[in-house]
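Below: one structure, written as structure tokens.
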Amino acid sequence: MAELTPQVEAPVSKVPSEKVYYKTIWLSDIHLGFKDCRAEYLLNFLSRVECDTIYLVGDVVDLWSLKRTLYWPASHHDVLRTLFRKANSGTRVVYIPGNHDETFRDYVGHIFGPIEVKKEAIHTTVTGKRLLMFHGDCLDEHIRLNKWEDLIGDYAYDLLLFVNRWANYFRRRFGWHYWSLATYIKQRIPNARQVIDVFEKAAVELAKERGMDGVICGHIHQPALKEIDGILYCNDGDWIENCTVLGETEEGVMELLNWTERQSVMDTLASKPTEEPEAEVLPLRRAS
């Protein structure tokens, strides 16, 4: 029961109803300071999880978005406060900055309060598997599009998130749970799938070069837990579209959770006032 042998394209697990314990969890692409950040879902998760170690795999704070528009609601501040409180209470918290919070890479090798800051890290699982961890923007050269495609892609993605915001506004009005329309659409765009495949293969190749058993990253907002060419590929997803978290159990089993599938979370968030969504944008998908 202690082997890291997920099925190919392992499904996102549903979350049990009570407190959740993991030896280690991985979170990335939270994008605090961005209007589409699902901070309430993350706070709900953090209030119910107990763990020994938390790895923050980049893009925790969206400095790019904050430079454009100052947006910092109480829930975003509460996420940071909760992470620091856990770190001060004995949970080891390791922060690997990404491209949207790359300013914090200046602090690599230092302790930011109770939180360790690293460029990348290696995690050894309960079963002895060595997993390379990095945000993922170091692989951008492998998936770089030409300028025109890049421009069209940005506008198309902005539109997807705008539609997604309104779709879920009406879903909440009817008492339906959160569902990512943007992810659903993007899964059906061939070029998007091709870019994801290239990224995943590049991450696996890097892990092979380093002599690792697997790799854990974020960046592309595409949660996944699968084996590629004998290497365990893990992407913990995001808290914009998918609200996913990667966890390692006490037995060394890796699990990918989608927190929006938990009914108690739905009930808690549905009881809050429903506000009309505003326009603005960011990334995607959930493992099939």
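These numbers come from the heavy atoms of this one structure, side chains and all, not from hydrogens, waters or symmetry mates.
Side-chain contact between Thr24 and Tyr55 is present, with heavy atoms from C-beta onward closer than 4.5 Å. Between Tyr95 and Phe112, every side-chain heavy-atom pair lies at or beyond the 4.5 Å cut-off. Using a 4.5 Å heavy-atom cutoff, the side chains of Leu246 and Ile216 are in contact. Counting heavy atoms from C-beta outward, Tyr22 and Glu255 have side chains that approach closer than 4.5 Å. Residues Cys37 and Ile30 have side chains in contact (heavy-atom distance under 4.5 Å, counting atoms from C-beta outward). Contact annotation: the side chain of Asn99 approaches that of Trp64 to within less than 4.5 Å [non-hydrogen atoms, C-beta and beyond]. Side-chain contact between Lys118 and Val94 is present, with at least one heavy-atom pair separated by less than 4.5 Å. At least one side-chain heavy atom of Leu43 sits less than 4.5 Å from a side-chain heavy atom of Ser75.
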Test log, rule side chain to side chain contact (heavy atoms under 4.5 Å, CB included), inputs Glu248 and Met254: CA-CA 5 Å; Glu248 179 193 8; Met254 303 295 284; 3.7 Å; yes

Apply the test side chain to side chain contact (heavy atoms under 4.5 Å, CB included) to residues Val126 and Thr249: give CA-CA distance (whole Å), side-chain angles for both, the deciding distance (0.1 Å), then the verdict.
CA-CA 9 Å; Val126 173; Thr249 69; over 6 Å; no

With side chain to side chain contact (heavy atoms under 4.5 Å, CB included) as the criterion, how do Leu27 and Leu42 come out once you've worked through the C-alpha distance, each side chain's angles and the decisive distance to 0.1 Å? CA-CA 10 Å; Leu27 299 163; Leu42 181 53; 4.1 Å; yes

message = Between Arg210 and Glu205, does the salt bridge (Lys or Arg N to Asp or Glu O under 4.0 Å) criterion hold? Intermediate values first, please.
response = CA-CA 9 Å; Arg210 302 282 189 89; Glu205 284 303 314; over 6 Å; no

Going through the distances and angles, do Arg38 and Glu241 end up as a salt bridge (Lys or Arg N to Asp or Glu O under 4.0 Å)?
CA-CA 8 Å; Arg38 306 292 171 186; Glu241 289 301 320; 5.4 Å; no

Given Glu40 and Asn44, is the side chain to side chain contact (heavy atoms under 4.5 Å, CB included) satisfied, shown in steps? CA-CA 6 Å; Glu40 293 81 5; Asn44 187 280; over 6 Å; no

Determine, step by step, whether His31 and Asp36 satisfy the side-chain hydrogen bond (donor to acceptor under 3.5 Å, both in side chains) criterion, reporting the C-alpha distance in whole Å, the side-chain angles of both residues, the deciding distance to 0.1 Å, and the verdict.
CA-CA 8 Å; His31 291 279; Asp36 281 301; over 6 Å; no

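To the nearest 0.5 Å, the span separating CG on Asp62 from NZ on Lys35 amounts to 12.5 Å. The distance from atom CG of Leu83 to atom CG of Asn88, rounded to the nearest 0.5 Å, is 11.0 Å. Within the model, atoms CG of Asn235 and OG of Ser28 stand 6.5 Å from one another, a figure rounded to the nearest 0.5 Å. Of the inter-residue distances, the one linking Leu132 atom CG with Cys217 atom SG reads 9.0 Å to the nearest 0.5 angstrom. Taken from CD1 in Ile196 to CD1 in Ile220, the straight-line distance is 5.5 Å, to the nearest 0.5 Å. Atom NZ of Lys208 is separated from atom CE of Met212 by 15.0 Å, given to the nearest 0.5 angstrom.
Counting only distance, with no hydrogens or angles, the side chain of His123 and the backbone of Leu131 share no donor-acceptor pair below 3.5 Å. Checked by atom type and distance alone, the side chain of Asp236 never pairs as donor or acceptor with a backbone atom of Val245 at under 3.5 Å.
Asn258 and Thr244 form no side-chain donor-acceptor contact under 3.5 Å, judged by distance and modelled atom types alone.
The shortest non-hydrogen separation linking Pro223 to Asn242 is CD-ND2, 3.6 Å. Between Ala87 and Ile115, the shortest heavy-atom contact is CB-CG1, 4.1 Å. Nearest heavy atom pair, residue Ala224 against residue Glu200, reads CB-OE2, 4.2 Å. What you find for Leu225 and Cys234 is that their closest heavy atoms are CD1-SG, 3.6 Å. Residue Ile228 comes nearest to Tyr233 through the heavy atom pair CD1-CB, 4.0 Å, listed as atom of the first residue, atom of the second, then distance. Closest of all the heavy-atom pairs between Gly128 and Asp213 is O-OD2, 4.2 Å.
Residue-environment remark: CD (Gln194) stays at or below the threshold of 12 foreign heavy atoms within 6.0 Å. Environment of CZ in Phe84: crowded, with over 12 heavy atoms of neighbouring residues, nucleotides or ligands closer than 6.0 Å.
Under the 30°/60° scheme for interplanar angles, the aromatic rings of His76 and Trp72 are found to stand perpendicular. Relative ring orientation between Phe45 and Trp239 is described as tilted, the plane-to-plane angle lying within the 30° to 60° band.
For residues 91-109, the set of pairs meeting the salt bridge (Lys or Arg N to Asp or Glu O under 4.0 Å) definition, not counting sequence neighbours, comprises Arg92-Glu116, Arg105-Asp137.
Transitive grouping of hydrophobic side chains (ILVMFWY, heavy atoms separated by less than 4.5 Å) brings Leu70 and Val60 into a common cluster. Residues Leu139 and Ile122 share a single hydrophobic cluster, defined by chaining ILVMFWY side chains whose heavy atoms lie under 4.5 Å apart. Following chains of ILVMFWY side-chain contacts shorter than 4.5 Å, one cannot reach Tyr21 starting from Ile25, and the two form parts of different hydrophobic clusters.
Lys23 and Glu50 are not joined by a salt bridge, as no carboxylate oxygen comes within less than 4.0 angstrom of a charged side-chain nitrogen. One finds no salt bridge joining Lys201 and Asp197 here, because no Lys/Arg side-chain nitrogen approaches an Asp/Glu carboxylate oxygen to under 4.0 Å.
You'll find the ring centres of His219 and Phe134 outside the 6.0 Å limit. Here Trp259 and Tyr41 keep their ring centres 6.0 angstrom or further from each other.
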